[in-house]
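Notes to accompany the following structure.
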Amino acid sequence: MSNLLQFSISETLSLLEKKEFSTQELVETYINAIEKTKDLNMYLTTCFDQALEKAKISDQNYLNGNQRFLEGIPLGVKDMFCTKGIETTASSKILKKFIPTYESTVTQNLWKEGAINLGKLSCDEFAMGSSNETAAKGEVINPWNFEEKRTPGGSSGGSAAAVAAKAALAATGTDTGGSIRQPAAFCGVVGLKPTYGRCSRWGIVAFASSLDQAGPITRNVSDAALMLQVMSSYDPKDSTSSNKDVPNFYNDLGKSIKGIKIGIPEEYNSDGISSDILNAKDMTINFLKENGAEIIPVKLPLTKYSLPVYYIVAPAEASSNLARYDGVRYGARIDGNSLDEMYENTRNLGFGDEVKRRIMIGTYVLSSGYYDAYYLKAQKVRRLIKNEFTEIFKQVDYLVTPTTPTTAFKLGSTQDLLTMYLNDVFTVPASLAGIPGISLPIKLDKNKLPVGIQILGKDFDEQGLLNVAKVIESCASFKDTPNGAAS
Ligand code: GLN
């Protein structure tokens with residue numbers, strides 16, 4: 001059989017079922033691909049022996065006709081998901097040698113359905129960042145024009161890069177303010193942030209608990225549907241997980257979008273947005289029109305407050321979540337002459353600069369005297385942003401926006417923090433509102449870098465998002481592969 005890396009999840013499943021190749025061969029091919037793409041710095045830990053063992057079980061299941069939903073599908077896992085017996089560091093020095101004794105619910109759901117773990121993928125430290133440059137073990141290199149050393153985006157940079165570079169058939173990501181959608185856009189793959197509560201957060205290293213959501217990063221929209229179906233579940237161990245039924249996202253794909261209303265928010269148009277991105281947006285609008293959707297310009301005036309609100313709420317929650325890393329319970333410990341000194345040494349050497357900055361901002365906005373002025377105020381504005389989306393979704397079914405203001409920038413080129421934070425200007429609003437969003441690639445820009453478009457929808461309407469995305473995907477027919485991909 002020709003190159004096994006070229007197939008999507010659904011194609012791979014049907015070829016495995018037809019015994020065109022074995023899971024063993026498939027996993028070996030991916031292991032090889034990971035070795036070939038080592039220079040991109042995507043995997044922090046690999047678990048090849050375990051993967052090959054699991055492949056044997058999958059082959060047996062195919063032989064007996066007992067195959068499960070994702071039997072034998074080799075995946076990469078963002079290092080924010082706790083994986084039993086496999087080092088989980090959240091790309092931080094402070095979690096070095098932390099080997100969880102438990103498995104996150106989302107990854108457990110995947111393994112239960114026969115998917116196979118290839119290893120843990122790099123990300124920004126504790127998922128804080130937009131470029132993968134805060135990762136303790138150094139940044140991931142985007143497989144597109146890899147010789148130019150561009151960012152894969154962040155924080156799920158390793159996941160998006162690995163899927164694009166064919167070093168995983170799909171991957172898990174987490175999105176707090178854009179960390180699935182922005183790297184997916186930068187790497188030319190599909191990234192879906194589900195509605196808050198669709199996937200359990202149990203066993204995922206917490207960054208900002210009211211915003212964190214797990215989701216899939218895949219090569220196409222159908223694969224996102226397959227992955228989401230398995231990743232989603234009600235989980236009594238996460239009180240914010242939803243007990244809504246999980247639809248059969250994959251089977252119900254492909255519905256016509258005739259007559260649906262698509263809003264185009266005029267505010268998603270920041271200064272400095274590249275003409276290629278605007279052009280991708282226009283192309284998308286035309287695809288939608290050709291398929292019978294109605295295009296309606298809309299206004300979301302509170303959009304401009306999203307970033308300031310996010311950069312209060314997210315650090316506040318982070319400062320409280322990260323208090324648990326004290327050198328006693330998890331990972332690394334740097335001794336001192338007293339208990340306090342041990343805490344200080346561990347946290348000082350264990351956390352990187354961006355994480356420390358967020359802990360300080362978060363502690364400040366939560367401190368007495370400032371709580372009302374910052375944190376409480378931000379929470380109130382967050383509610384207004386949510387209400388604005390609720391109102392707009394009475395007029396339109398979906399919103400279409402660019403995913404990012406620029407395509408992948410060069411690593412090391414963004415020195416100033418504000419510019420870095422501005423990367424998430426189009427993704428953060430949906431995170432604050434808890435609504436689902438998907439990014440998919442439309443075209444390449446003049447530098448031959450992928451351009452992503454984002455679709456946002458109502459709470460728990462991932463099915464609709466996937467349907468709209470599927471229509472856009474078939475019109476855009478984005479088929480390019482990065483030069484840094486394994487072959
Ligand atoms: N880039 C944003 C941040 O730095 C979002 C990160 C995320 O979604 N995890 O916080």
Side-chain angles (χ1 to χ4, degrees), residues 78-81 90-92 106 121-135 139-140 151-160 171-187 191-196 199 201 204-217 270 306-319 321-322 351-362 365 378 382 403-406 408-409 414 416-439 452 454 456:
K78 186 179 183 182
D79 207 30
M80 294 292 282
F81 293 81
S91 267
S92 180
V106 164
L121 291 160
S122 177
C123 54
D124 280 289
E125 185 178 6
F126 284 104
M128 298 175 192
S130 306
S131 64
N132 223 104
E133 288 167 297
T134 70
E139 62 269 5
V140 170
T151 176
S155 65
S156 311
S159 302
T172 64
T174 60
D175 190 313
T176 304
S179 278
I180 289 178
R181 293 161 285 160
Q182 185 255 22
F186 279 10
C187 292
L192 170 58
K193 180 199 91 76
T195 314
Y196 183 78
C199 294
R201 286 181 296 108
I204 299 175
V205 176
F207 162 12
S209 308
S210 76
L211 295 155
D212 297 343
Q213 235 329 265
I217 296 185
S270 73
S306 293
L307 274 182
V309 166
Y310 175 83
Y311 277 100
I312 291 174
V313 173
E317 295 184 15
S319 72
N321 273 326
L322 271 56
F351 289 135
D353 288 348
E354 183 61 23
V355 173
K356 284 183 193 159
R357 186 176 299 121
R358 305 238 184 158
I359 292 174
M360 286 195 280
I361 295 172
V365 300
R382 180 180 183 181
T403 310
T404 52
T406 68
F409 47 90
T414 311
D416 111 84
L417 263 184
L418 225 51
T419 314
M420 188 64 89
Y421 290 175
L422 273 169
N423 250 286
D424 300 315
V425 64
F426 301 145
T427 49
V428 154
S431 298
L432 292 171
I435 58 174
I438 188 169
S439 175
Q454 172 179 243
L456 303 176

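As the structure lists them, so they are numbered: ligands from 1, and atoms in each ligand from 1.
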Look only at interatomic distance and state if [X] has a nitrogen or oxygen under 3.5 Å from any nitrogen or oxygen of ligand 1.
| X | answer |
| --- | --- |
| A127 | yes |
| K78 | no |
| G178 | yes |

Quick one: look at [X] and ligand 1, take heavy-atom pairs under 4.0 Å, and tell me if it's side chain, backbone, both or neither.
| X | answer |
| --- | --- |
| T176 | both |
| R358 | side chain |
| F126 | neither |
| S179 | both |
| Y421 | neither |

Can you find a heavy atom in the side chain of [X] that is under 4.5 Å from one in the side chain of [Y]?
| X | Y | answer |
| --- | --- | --- |
| R357 | M128 | no |
| M80 | T176 | no |
| R181 | D175 | yes |
| Y311 | R358 | yes |
| L322 | F351 | yes |

_Does atom CG (D416) have a neighbourhood of more than 12 heavy atoms from anything else shown, all under 6.0 Å?_
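More than 12 heavy atoms, drawn from other residues, nucleotides or ligands, come within 6.0 Å of this atom.
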Near [X], which atoms of ligand 1 are under 4.0 Å from a heavy atom of that residue?
| X | result |
| --- | --- |
| G129 | 1 (N), 2 (C), 3 (C), 4 (O), 6 (C) |
| Y311 | 2 (C), 3 (C), 4 (O), 10 (O) |
| D424 | 1 (N), 2 (C), 5 (C) |
| F207 | 9 (N), 10 (O) |
| Y310 | 2 (C), 3 (C), 5 (C), 6 (C), 10 (O) |
| S155 | 9 (N) |

*For atom 8 (O) of ligand 1, state which one of G154, G177, S431 supplies the nearest heavy atom.*
G177
Going by atom types only, do [X] and [Y] share a side-chain donor-acceptor pair under 3.5 Å?
| X | Y | answer |
| --- | --- | --- |
| T174 | K78 | yes |
| E317 | S210 | yes |
| Q182 | T404 | no |
| D124 | S155 | no |

